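Counting begins at 1 with the first residue of the sequence. Just follow the structure's listing: the first ligand is 1, and inside any ligand the first atom is 1. Keep in mind the model is a prediction, meaning the values are calculated, not measured.
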Amino acid sequence: MQRSYMFAGAFVVLFVGIIVIVVVCVSSMNGWKEHNADGPKFWEQGGVYQVYPRSFGDSDGDGTGDLMGVVAHSDHLKDLGVVTVWLSPIFKSPMKDFGYDISNYMAIDPIFGTMDDFERLVASLHRNGLKVVLDFVPNHSSNLHEWFTKSEAREGNYTDYYVWAEAKDYDKNNTPIPPNNWMSEFGGSAWEWSGIRGQFYYHQFLAEQPDLNYRNEHVKEEMKNVLRFWLDKGVDGFRVDAVKYLVEAQDLNLDEPTDSDNPELLHHIFTTNQPETFQILREWRELVDKYHEKVLMVEVYSEVEDVMKYYGNQSVPLAHFPFNFFMLEALNNRSTLNGYALKDTISLWLDYMPEGKWPNWVLGNHDNGRVASRLGKDMVDALNMVVLLLPGTPVTYNGEEIGMENTFISWEDTRDPEGCRWGPDHYQEHSRDPERTPMQWNDGHMAGFTNGNNTWLPINANYQEINVAAQKNATHSHLKFYQHVTEIRQEETFKKGKVTFPTYDDSTFSFIRSLEGHPSYLAVVNVATVNRTVNLHLGANFQLPDKAEMVIHSSTSVAKETPSGSTVFLDSLTLVAGEGVLLKLPED
Ligand SMILES: *[C@@H]1O[C@H](CO)[C@@H](O)[C@H](O)[C@H]1NC(C)=O
Ligand SMILES: *[C@@H]1O[C@H](CO)[C@@H](O)[C@H](O)[C@H]1NC(C)=O
Ligand SMILES: *[C@@H]1O[C@H](CO)[C@@H](O)[C@H](O)[C@H]1NC(C)=O
Ligand SMILES: *[C@@H]1O[C@H](CO)[C@@H](O)[C@H](O)[C@H]1NC(C)=O
Ligand SMILES: *[C@@H]1O[C@H](CO)[C@@H](O)[C@H](O)[C@H]1NC(C)=O
Ligand SMILES: *[C@@H]1O[C@H](CO)[C@@H](O)[C@H](O)[C@H]1NC(C)=O
Ligand SMILES: CC(=O)N[C@H]1CO[C@H](CO)[C@@H](O)[C@@H]1O
Ligand SMILES: [Ca+2]
Ligand SMILES: [Ca+2]
């Protein structure tokens with residue numbers, strides 16, 4: 001979908017001294033929705049904060065985070081100014097994939113606490129004005145779920161709960177051959193032989209994560225009951241895991257075509273984004289819509305056209321939004337970070353998004369390295385500012401608000417199955433442990449994470465400098481910056497205003513938020529690794545005023561001469577490496 005931006009500038013020159021007032025009338029046809037008649041929904045009012053429960057707070061000293069550990073830190077969540085807290089999986093699980101392998105969808109894993117703890121957590125977050133979103137993992141259960149055991153034994157209605165198939169053939173050693181060439185996301189065939197049943201079962205992820213069969217009515221009803229169970233406990237919605245894999249082609253004898261350039265690669269035309277998947281999502285949306293203001297966010301890594309299908313359309317809405325991972329992918333490291341890349345990745349989403357839908361921006365999660373390590377410590381504030389002030393919902397992974405860094409994890413300490421699989425020589429390229437280490441709360445015992453003497457992953461040695469308490473106490477810090485920007489975000493301009501991109505090039509990125517009758521704001525980022533004096537007029541796409549008022553700059557800034565409230569000139573804006581600033585444009 002192609003949209004055009006139209007700009008018109010008009011000058012009014014008054015000879016009272018030499019005052020030039022520039023009126024910039026900016027209009028754009030961006031697709032995000034105009035204000036709801038009944039006011040913005042909660043997920044439109046502020047950010048989503050992802051809590052990785054194993055690593056947030058440990059209340060009982062066993063070295064692994066738990067639900068009461070989250071309760072203990074609800075003040076931090078409240079102070080951040082986010083609206084929604086999304087908890088990564090907390091359900092009963094053998095932890096082969098750290099909770100993404102669920103053996104009981106309606107029970108809390110004892111590692112995290114009890115159902116009473118969960119109810120206390122919901123009450124505590126609600127009391128603090130926060131919403132609670134759970135991770136829903138519908139594609140697969142654990143192989144230790146009783147459904148699977150019963151299915152393997154062909155017990156009554158459970159017989160078809162999973163995706164079972166006969167061997168295609170047997171080789172000369174009498175080893176069964178899988179029905180087709182489908183591959184697991186974690187490598188190797190997606191088919192595992194069950195000696196008990198004498199058939200293969202399908203698993204998109206680990207063999208310990210058998211895919212549920214969404215062509216079975218009982219399975220569909222069971223999973224709806226799971227949604228109802230948690231909604232009835234008062235949760236405010238779900239983040240749906242790995243949704244593009246939900247349904248597979250009905251004919252299990254079909255091979256997926258191989259890539260002509262790389263025969264190792266398959267085109268996943270039979271295992272992803274199947275039409276039936278959208279039908280199931282539609283039913284889930286109808287289910288949550290029967291409750292008051294509940295959110296459905298879905299995880300989809302795919303081509304942009306496919307991702308957008310998960311929004312649905314005006315008449316048939318599906319997810320409130322699919323997660324936007326394009327920024328994460330485009331800004332993989334500092335060498336790919338430049339003004340064009342930022343502009344392109346933002347426009348990609350806004351241009352493809354269906355009419356009337358709501359954007360979102362993801363900078364990090366438990367599967368990707370820390371922003372400070374991938375892109376530079378100096379970029380932490382600027383990038384938080386960008387995602388917090390663009391139209392749409394920003395998603396922050398815990399620890400990114402204080403600029404936590406990747407932690408070196410020895411082979412002996414490696415826990416992530418994805419890391420372990422690659423062995424001592426290559427685990428570092430694949431392990432997701434470095435971004436999963438405990439939250440750094442203070443400079444005391446175990447960084448304030450636990451009273452115990454051990455933690456499930458080591459604590460980063462930099463906790464004495466990088467921690468919540470120190471950043472709360474400091475005048476300028478990542479945390480203070482984050483909180484300040486979430487406050488600014490409450491202004492009408494950021495809630496409803498348009499976005500335009502005046503100047504961007506290799507070293508600079510900028511955008512304007514504007515709303516008639518309200519102040520306009522200009523955000524500028526120096527993406528270069530050197531200090532620069534930037535002329536924003538140079539190569540600008542439309543007329544900018546000569547000067548503006550400083551609102552806030554990155555905590556890494558050393559500029560003493562431009563405190564908040566001071567005037568800066570847009571033809572000579574001095575920015576240190578990685579600095580982001582927010583400026584208020586003069587009113588007409
Ligand atoms: C199997 O499903 C049928 C139809 O929904 C139901 O009537 C029956 O009670 C189920 N049997 C068991 C053992 O759950
Ligand atoms: C919306 O999506 C539904 C379901 O895919 C489809 O039947 C309908 O034609 C679409 N409506 C519009 C206006 O595109
Ligand atoms: C940076 O990211 C790009 C794109 O993902 C990749 O091609 C390149 O190898 C990366 N560079 C480094 C130094 O990691
Ligand atoms: C932790 O170590 C200290 C010092 O060795 C010891 O006094 C304390 O009892 C230990 N705590 C736990 C929970 O094991
Ligand atoms: C807070 O800041 C003050 C003044 O810089 C300092 O003396 C004190 O040690 C700090 N406290 C903490 C917990 O960092
Ligand atoms: C940027 O300027 C600051 C303050 O003058 C200085 O401390 C810093 O070393 C400079 N950084 C670079 C990369 O030149
Ligand atoms: C970002 C995220 O949640 N990734 C998860 C996607 O689903 C697989 C399988 O459930 C997990 O292994 C990932 O951690
Ligand atoms: Ca614990
Ligand atoms: Ca599936």
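A donor atom on one side chain and an acceptor atom on the other are found under 3.5 Å apart for Y100 and D135. Side-chain polar atoms of T393 and N360 form no donor-acceptor pair below 3.5 angstrom. Between the side chains of Y310 and N273, at least one donor N or O lies within less than 3.5 Å of an accepting N or O.
When only interatomic distances are considered, the shortest N/O to N/O separation between R282 and ligand 2 does not fall below 3.5 Å.
Close approach to S315 involves these atoms of ligand 2, each under 4.0 Å from a residue heavy atom: 1 (C), 11 (N). Heavy-atom proximity to N332, at under 4.0 Å, picks out these atoms of ligand 3: 2 (O), 5 (O). With ligand atoms numbered from 1 in the order given, ligand 3 contributes 1 (C), 2 (O), 3 (C), 4 (C) to contacts under 4.0 Å with heavy atoms of T336. Of all atoms in ligand 3, listed by their number and element, those nearer than 4.0 Å to a heavy atom of S335 are 1 (C), 11 (N). Contact atoms of ligand 1 toward N157: 1 (C), 2 (O), 3 (C), 8 (C), 10 (C), 11 (N), 12 (C), 14 (O) (distance under 4.0 Å to a heavy atom of the residue).
Only side-chain heavy atoms of H218 come within less than 4.0 Å of ligand 1; its backbone N, CA, C and O stay farther off.
If you check which protein heavy atom lies closest to atom 6 (C) of ligand 2, you get N313 ND2, 4.2 Å. Protein heavy atom nearest atom 8 (C) of ligand 3, with residue, atom name and distance: N333 ND2, 3.7 Å.
Here the options are L281, T272, I280, the test is side chain to side chain contact (heavy atoms under 4.5 Å, CB included), and the partner is L246; only I280 passes.
Seen from the ring of Y311, K357 does not count as a face-on cation partner, given the 6.0 Å and 45° thresholds.
In this structure, E221 pairs ionically with R228, as a charged nitrogen and a carboxylate oxygen lie closer than 4.0 Å.
Side-chain atoms of D381 come within 3.5 Å of backbone atoms of S555 as a donor-acceptor pair (strictly under, hydrogens ignored).
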